[in-house]
Amino acid sequence: MISCQDFFDILNKYDLSFFTGIPDSTFKEWMKFLVDKDEVVLKNLIACNECEAVALAAGYHLATNKVGVVYMQNSGLGKTVNPLTSLCDPDVFSIPVLLMIGWRGEPGKVDAPQHKKMGKITLPLLETLQIPYWIMEPDLKSIEKKTKAVIDYFKTKKSPYAFIVRKNLFQEYNLEKKEKDDYSLSREEAISIIMQNLNNDEIIVSSTGYVSREVFEFRNSRKKDHYKSFYNIGSMGCASSIGLSIALQKPNTRVIVFDGDGAAIMQMGAFTTIGKYSPPNYIHIIFDNNAHESTGGQPTNSDKIDFVRIALACSYNSARIIKNKSDLIKAVPEIKEQKGPSLVVIKIEKKTRPDLKRPEKTPKDLKNDLMKYLNN
Ligand SMILES: Cc1ncc(C[n+]2csc(CCOP(=O)(O)OP(=O)(O)O)c2C)c(N)n1
């Protein structure tokens, strides 16, 4: 293992002090360091998605002639294919970027099903993109040697290079900045309040990370009717669009999307499609903890935006914000009946049970059960 400070010292020595991206739990200690040291010794821009992060690094290069570092989980590599090939590629603008890619689903290691394919193709995909890479070794001398070589590569080739990061590369980092939580309702409690009060004929489409795991556990503890759920365990940001399309096809069924603030921001353009096609049977709930909690609690930009006004401006029928448990309990009967599309932002604290399990049914079985229900 290496210390975050030691790694940063090497990068900084070579003038690599601009960071942006979307977090990954593979390097959550490193993410803590970046958040802690932002505006102190480095710059860390919280991006909305990995595609944008590459563009931010490109702009940084244009303005400074320095190279930006873009961090991401390998699931986000797919989102970067376009700017890597059509913006940074040497056949186009030739813009150097250092990619730091967390390797989920590494062949031979146990991981969740949504990481399997990307884990297998991460290195071949980089090869196809003609982006050279190095699987980081937990050894500072090798890191320093490689970083120096990469800087030379950037100078001569002016094109992207990737560091591949395996789990447990970084030692634990203790945050110096104090974190404050303004809310006291947990996501699991909010999910339970809502689900207990539904008519039980609604379809719930839940987003990537802890939210789907919590819905799965809630259903497990009750009637186990997983067939009324779509657990969008991968494809971050897409739950709202999957739900939209189901709602449009099944106008007599209420569809409720359980989103995260990070996921909603990642694909915020979806708000415009939801507003345009306006299914009255569609409810969009965002559990807003101002964090990517599922990957370690790194901040999102939700504290600086107003989801309610965005939704209304995109032609949602209604939008509201709920900040505590008693207001949620009061609002649920109305929320579940009101004409959609409606947005409900529920402000929650960062808190997740440490023993939260992953769905034990396979994605295919879950999908087949839902489809049987929807198509009979
Ligand atoms: C394209 C993509 N980038 C990154 C990830 C890694 N990832 C999984 S869950 C998650 C955080 C989701 O944050 P949010 O939607 O706010 O929900 P929370 O975890 O706070 O419940 C991230 C970054 C991913 N799955 N896909």
Side-chain angles (χ1 to χ4, degrees), residues 2 4-24 26-27 30-31 33-74 76-103 122-123 125-137 140-165 169-170 298:
I2 57 168
C4 296
Q5 182 67 55
D6 288 343
F7 178 55
F8 174 70
D9 288 343
I10 294 173
L11 296 184
N12 199 30
K13 183 171 160 189
Y14 293 99
D15 223 358
L16 297 163
S17 61
F18 175 91
F19 302 86
T20 182
I22 295 289
D24 179 18
T26 308
F27 42 73
W30 173 243
M31 295 298 345
F33 180 88
L34 291 184
V35 171
D36 219 21
K37 302 292 179 186
D38 182 34
E39 301 292 355
V40 184
V41 286
L42 54 86
K43 187 78 206 142
N44 177 41
L45 254 56
I46 300 163
C48 70
N49 60 46
E50 293 84 352
C51 169
E52 185 202 32
V54 172
L56 291 168
Y60 172 76
H61 177 73
L62 297 177
T64 62
N65 198 25
K66 295 190 210 176
V67 178
V69 183
V70 175
Y71 51 84
M72 68 184 84
Q73 183 177 90
N74 53 347
L77 181 60
K79 279 184 134 60
T80 66
V81 168
N82 179 249
L84 288 173
T85 52
S86 66
L87 172 66
C88 302
D89 193 86
D91 281 345
V92 195
F93 292 106
S94 204
I95 293 178
V97 182
L98 179 59
L99 308 173
M100 264 184 83
I101 304 172
W103 198 359
T122 294
L123 304 184
L125 179 57
L126 288 167
E127 282 153 23
T128 300
L129 293 168
Q130 298 170 338
I131 295 177
Y133 59 84
W134 181 58
I135 301 170
M136 289 185 74
E137 290 165 18
L140 291 171
K141 278 209 182 88
S142 317
I143 293 174
E144 162 115 41
K145 198 167 149 214
K146 185 50 87 175
T147 306
K148 190 172 179 302
V150 170
I151 292 295
D152 290 339
Y153 177 85
F154 287 152
K155 279 188 191 133
T156 53
K157 302 282 184 203
K158 293 199 183 304
S159 95
Y161 192 98
F163 278 178
I164 307 296
V165 186
L169 175 70
F170 292 101
Q298 307 84 357

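For this chain, numbers begin at 1 and follow the sequence in order.
- For the pair Leu45/Tyr60, no side-chain contact is recorded, criterion being any heavy-atom separation below 4.5 Å from C-beta on.
- Between Leu84 and Val54, some side-chain heavy-atom pair lies under the 4.5 Å cut-off.
- Summarising the geometry, atom OG belonging to Ser159 is positioned 7.0 Å from atom CG belonging to Asp89; distances are rounded to the nearest 0.5 Å.
- In terms of heavy atoms, Phe27 sits closest to Gly102 at CE2-N, 3.4 Å.
- Counted within 6.0 Å of CD on Gln130, heavy atoms from surrounding residues, nucleotides or ligands total 12 or fewer; the atom is thus considered open.
- Remark: Gln73 CD to Ile22 CD1 distance equals 10.5 Å, nearest 0.5 Å.
- The shortest distance between side-chain heavy atoms of Leu62 and Ile95 falls below 4.5 Å.
- The distance from atom CG of Leu42 to atom CG of Asn12, rounded to the nearest 0.5 Å, is 8.0 Å.
- Considering only heavy atoms from C-beta on, Asn49 comes within 4.5 Å of Glu52 through its side chain.
- Closest of all the heavy-atom pairs between Trp103 and Leu123 is CH2-CD1, 3.6 Å.
- The two residues Ala47 and Thr20 make their nearest non-hydrogen contact at CB-OG1, 3.7 Å.
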Apply side-chain contact (heavy atoms from CB on, under 4.5 Å) to residues Lys146 and Met136 and explain how you reach the verdict. CA-CA 9 Å; Lys146 185 50 87 175; Met136 289 185 74; over 6 Å; no
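- Within the 4.5 Å cutoff, side-chain heavy atoms of Phe163 are placed close to those of Leu98.
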Just do the side-chain contact (heavy atoms from CB on, under 4.5 Å) check on Phe93 and Lys158 with the steps written out, would you? CA-CA 9 Å; Phe93 292 106; Lys158 293 199 183 304; over 6 Å; no
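- The structure places CD1 of Ile10 at 13.0 Å from NZ of Lys145, a figure rounded to the nearest 0.5 Å.
- Within the 3.5 Å criterion, the main-chain N or O of Asn44 finds a donor-acceptor partner in the side chain of Asp38.
- In terms of heavy-atom proximity, Phe7 sits nearest to Ile2 at CB-CD1, 3.9 Å.
- The residue from Val165, Leu99, Leu34, Ile101 that alone fulfils the side chain to side chain contact (heavy atoms under 4.5 Å, CB included) condition with Tyr71 is Leu34.
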Tell me, with the steps shown, if Leu77 and Met72 meet side-chain contact (heavy atoms from CB on, under 4.5 Å). CA-CA 7 Å; Leu77 181 60; Met72 68 184 84; 4.3 Å; yes
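- With hydrogens and angles ignored, the 3.5 Å screen pairs no side-chain donor or acceptor of Thr80 with any backbone N or O of Glu50.
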Where do Thr64 and Phe18 land on the side-chain contact (heavy atoms from CB on, under 4.5 Å) test, with the steps shown first? CA-CA 11 Å; Thr64 62; Phe18 175 91; over 6 Å; no
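- Paired with Pro96 under the rule side chain to side chain contact (heavy atoms under 4.5 Å, CB included), one option of Lys157, His61, Lys66 passes, and it is His61.
- Closest non-hydrogen pair, Cys4 versus Trp30, comes out as O-CZ3, 3.5 Å.
- Looking only at side-chain heavy atoms (C-beta outward), Ile164 and Leu126 come within less than 4.5 Å of each other.
- Closest approach of Leu16 to Phe8, counting heavy atoms only: O-CE1, 4.3 Å.
- For the pair Leu87 and Val92, the minimum side-chain heavy-atom distance is 4.5 Å or more.
- Between Glu144 and Thr147 there is no side-chain heavy-atom pair separated by less than 4.5 Å.
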